[in-house]
Q: 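Right, I'll just put the structure down here and ask away after.
What you see below is based on every heavy atom in this structure, not just the backbone, and it leaves out hydrogens, waters and symmetry mates. Order of the sequence lines fixes the chain letters, A, B, ..., with proteins taken first and strands second; residue numbering starts at 1 for each chain.
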Amino acid sequence: MNSTAPLLKASRLHIGYNKGKKEEKVLAGPLELAIHAGQLICLLGPNGAGKSTLIRTLAGLQPAISGTVETGGKNINRLHPKERAKRLSMVLTGRVEAGNLNAYSVIALGRFPYTNWLGAMQPDDLKIVQWAMQTTDTTSYADRKMIELSDGESQKVMLARALVQDTPVIILDEPTAHLDLPNRISLMRLLHQLAKATGKGILLSTHDLDLALQSADEVWLQRNDGQFTIGAPEDIVLNGTFEAAFHKEGFAFDKNSGTFIIHNNVGKPIRLEGEGAAFFWTKRALLREGFAVTDEAAAGIQIIESGNTLQWKYNNETHNTIAALLAQLRTHYGIH
Amino acid sequence: MNVAIHTATGKYNWTASIGKMTALALLLLIVFLMDVAFGSVSIPLRNVLDIMLSGKAENPAWLYIIKEIRIPKAITAVIAGCALPVSGLQMQTLFRNPLASPSILGISAGAGLGVALVMLSAGSVTTIYAISELGISGTWLLLLAGSLGAAAIMLLILGISVRIRDNVIMLVVGVMIGNITLSIISIWQYFSSPEQVKDYLIWTFGSLGGVTGSQLYLLATVVAVGLLIAFASSKVLDTLLLGEQYARSMGLTINNARLLIIGSTSLLAGSVTAFCGPISFIGIAVPHLARSLFNTSDHRVLTPACCLMGTSLMLICDIASQLPGSNSVLPINVITSLIGSPIVIWIIMSRNNLKNSFR
């Protein structure tokens, strides 16, 4: 897949912004980046690392401190805005403030670089609008006003508009930021499928780390200290760079489950016997209560699984729910 | 059936719009006729129609009144009724502010400053009578000064609006800039003769009656150019509704777009203000009326809709200003404020209106 020329390529790129007249603030660099056809790339990093700056620089909306961004063999900053808009489309974070436009009009605006001075739609334009609405599942609210749409629906409309722009590269700046979990998942899945089905190169920045790790073909990890790592999500997790980038006091990343852990495994030691989902969730409950699950502890909980029923046994008492088990533990340890 | 197809695809329903446009055009025709028919001298409607259609009349005084006074005044109302709402519409989209309009953001005051500059430095007076006494070159100068004054304030406001995103604060800033401009004119007035002060006051009342003959053609041409640019920037304005970032990502050259819109707005608001005085509230109210009647933000629909609704409203204001049944004529600005202010209050009160357009 990566044997073909990249759709977007950055060489010796330093990103940053001008701080006052002669001072430059370099956020990261030199970067060698490439977006290939069919790739879904997630740009991850803590707040303030410069994800938006990188996205804006790659999209040609902000000049680089040094280095070049090329698409189709041409420097993106030297392209006519209309030509650039035929190579690269964007979806931004947050809602678009055009409540009086209906979803269809917004999607159709994506044809801007192709239509004549009056924006008249030709049959081919209409065809691609129909396709984009079907692909993003927005057909059913085509005639609803933007103000009437939920955040998730609104973001899908903006994505449909980017598809209508018919560009090899789509860049999304935190598209999932204001969405609820089901909408986040469905948007990420849609982007993943789009990359595979259409061969577009898709780059998105996001804070949804576990969703990104699940769906990205490649992860770009931008750190606060200017370090930049590129790799398959699994590699980045296993070699510890992922954990290091998001390291903060008080929580940790668990490589085994691929999630961040609020409660460190420190506290009163307790043993847990069991397996599967029951073990996992019981352990979560215990960690929350301030226990450390370890095999060396004397006191232990036993999970009894028989058929469809689960029971928890501790100190010769048997409980039918985790809540009841926790209640006993609380009285036993004097936790209030 | 047409409606069903429309709702299935979300495409704009042109059939319904054309129906509404036709109705508005009919209304325009009727009020135009009424505006010409009513006046301090009562002329029978049959004779008015005769004069308008054949250009002949038994009574030469009636012929003169209709041809030289009332028709030019009605045409001026049509021109102002197209220019002010369309410039308001463009400003509302450009600033993404539902309360933007030439009179509120000080653009009219800027045009007034330009006019005062020409009139007072020429040693002449700022009145409609003085305007009609100016030669064609003086008229050009006046138009240019009005438009440049409008453009200067427009650029200033735009520069500030880049820093201030809050609609209400922006509004207050605009009002203040308008005030500063007006004080500069006032200082100028203070050092002018009492006649000039009086004449300036008359100019600020606004009048549709001062534009005749070749000046009317000139004003019509300038406004026509402004309207053409406005209509040609429909696609650009639609794209700007999504916000600057999206517009840029879709291939819009923002600075060119801004210049185009500022140019057209300044021509429209500047020229009309130069000739008719600062006519307020038409520019802010009509775009909102058009949006609610046509239920769209598509500028290809809104621009002609603003023209049709604006002209009708302007003509109705002009009819009202003649206080039917009496011989006195109220200044046009009084009437537009009287009719326009409640509309503006309604816009602010119904939060949906504020929200829907730009949020």
Side-chain angles (χ1 to χ4, degrees), chain A residues 56 59-61 79-121 126 129-130 133 138-148 158 161-162 164-165 167 171 173, chain B residues 3-13 92-93 96-98 165 167 229 231-257 260 287-288 290-292 294-303 352-359:
Chain A
R56 292 172 50 80
L61 297 177
L79 279 178
H80 187 274
K82 282 225 169 106
E83 290 310 309
R84 193 187 64 212
K86 288 178 184 173
R87 301 281 316 165
L88 189 149
S89 55
M90 289 195 83
V91 175
L92 305 169
T93 188
R95 294 193 69 121
V96 64
E97 300 182 349
N100 230 350
L101 286 174
N102 68 17
Y104 180 90
S105 318
V106 171
I107 296 171
L109 275 177
R111 292 308 284 170
F112 185 89
Y114 303 93
T115 53
N116 64 3
W117 62 278
L118 202 50
M121 301 285 277
L126 296 174
V129 170
Q130 292 303 329
M133 291 201 304
T138 47
T139 317
S140 58
Y141 38 87
D143 61 340
R144 274 164 59 199
K145 303 227 177 257
M146 290 303 278
I147 192 100
E148 297 163 4
M158 295 320 285
R161 184 207 46 87
V164 159
Q165 214 173 314
T167 55
I171 296 184
D173 190 4
Chain B
V3 176
I5 292 165
H6 151 66
T7 46
T9 60
K11 266 182 259 175
Y12 189 73
N13 188 350
Q92 286 171 11
T93 301
R96 304 174 58 71
N97 188 333
R165 289 265 167 235
N167 281 349
I229 300 175
F231 189 67
S233 17
S234 296
K235 182 181 155 181
V236 169
L237 288 163
D238 281 352
T239 312
L240 278 174
L241 282 177
L242 296 188
E244 222 169 83
Q245 295 265 4
Y246 271 121
R248 281 181 70 194
S249 85
M250 282 151 72
L252 184 76
T253 320
I254 290 284
N255 286 342
N256 291 358
L260 201 68
H288 287 284
R291 275 192 207 97
S292 14
F294 288 85
N295 198 21
T296 183
S297 289
D298 188 333
H299 289 81
R300 284 173 298 175
V301 179
L302 286 182
T303 307
N352 276 345
N353 245 305
L354 279 184
K355 267 183 143 177
N356 281 357
S357 305
F358 301 98
R359 219 156 279 195

Q: Of all of Thr239(B), Asp238(B), Thr253(B), Val236(B), which one pairs up most often with chain A through heavy atoms under 4.5 Å apart?
A: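 Most heavy-atom pairs under 4.5 Å with chain A: Thr239(B).
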Q: Between Met121(A) and chain B, with a heavy-atom cut-off of 4.5 Å, which part of the residue counts as in contact: side chain, backbone, both or neither?
A: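 Nothing of Met121(A), per the 4.5 Å heavy-atom cut-off to chain B.
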Q: Counting only non-hydrogen atoms closer than 4.5 Å, does Thr115(A) touch chain B with its backbone (N, CA, C, O), its side chain (CB onward), both, or neither?
A: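 Interface part for Thr115(A): both.
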Q: Which bit of Arg300(B) is near chain A, if near means a heavy-atom gap under 4.5 Å: side chain, backbone, both or neither?
A: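 The side chain, not the backbone.
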Q: Might you point out which heavy atoms bring Ser249(B) and Ala85(A) nearest each other, and give the distance in Å?
A: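 Answer, listing the atom of Ser249(B) first, then Ala85(A): O-CB, 3.7 Å.
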Q: Looking only at non-hydrogen atoms, find the nearest pair between Tyr246(B) and Val96(A) and report the distance.
A: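 The answer is CD1-CG2, 4.4 Å.
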Q: For Arg248(B) and Leu61(A), work out which heavy atoms get closest and say how close.
A: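 Nearest pair, atom of Arg248(B) first, then Leu61(A): NH2-O, 3.0 Å.
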Q: Hey, does the side chain of Lys235(B) reach the backbone of Ala120(A) with a donor-acceptor pair shorter than 3.5 angstrom?
A: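 No, the answer is negative, given that no donor and acceptor are paired below the 3.5 Å cut-off.
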Q: Identify the two heavy atoms, one from Leu109(A) and one from Met250(B), that lie closest to each other, and give their separation to 0.1 Å.
A: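 The pair with the smallest heavy-atom distance is O-CE, 3.0 Å.
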Q: Heavy-atom pairs under 4.5 Å with chain B - which of His80(A), Arg144(A), Met90(A), Arg111(A) has more of them than the others?
A: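 Ranked by heavy-atom pairs under 4.5 Å with chain B, first place is Met90(A).
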Q: Tell me, please, which residues at least two apart from Arg56(A) pass salt bridge (charged side-chain N to carboxylate O under 4.0 Å, His left out).
A: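 By the salt bridge (charged side-chain N to carboxylate O under 4.0 Å, His left out) rule, Arg56(A) matches no residue at all.
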Q: Given the options Val91(A), Leu88(A), Val106(A), which has more heavy-atom pairs under 4.5 Å with chain B than any of the others?
A: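 Ranked by heavy-atom pairs under 4.5 Å with chain B, first place is Val91(A).
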Q: Tell me which pairs pass salt bridge (charged side-chain N to carboxylate O under 4.0 Å, His left out) where either residue lies in residues 79-94 of chain A, with sequence neighbours left out.
A: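 Residue pairs with at least one partner in residues 79-94 of chain A: Glu83(A)-Lys86(A).
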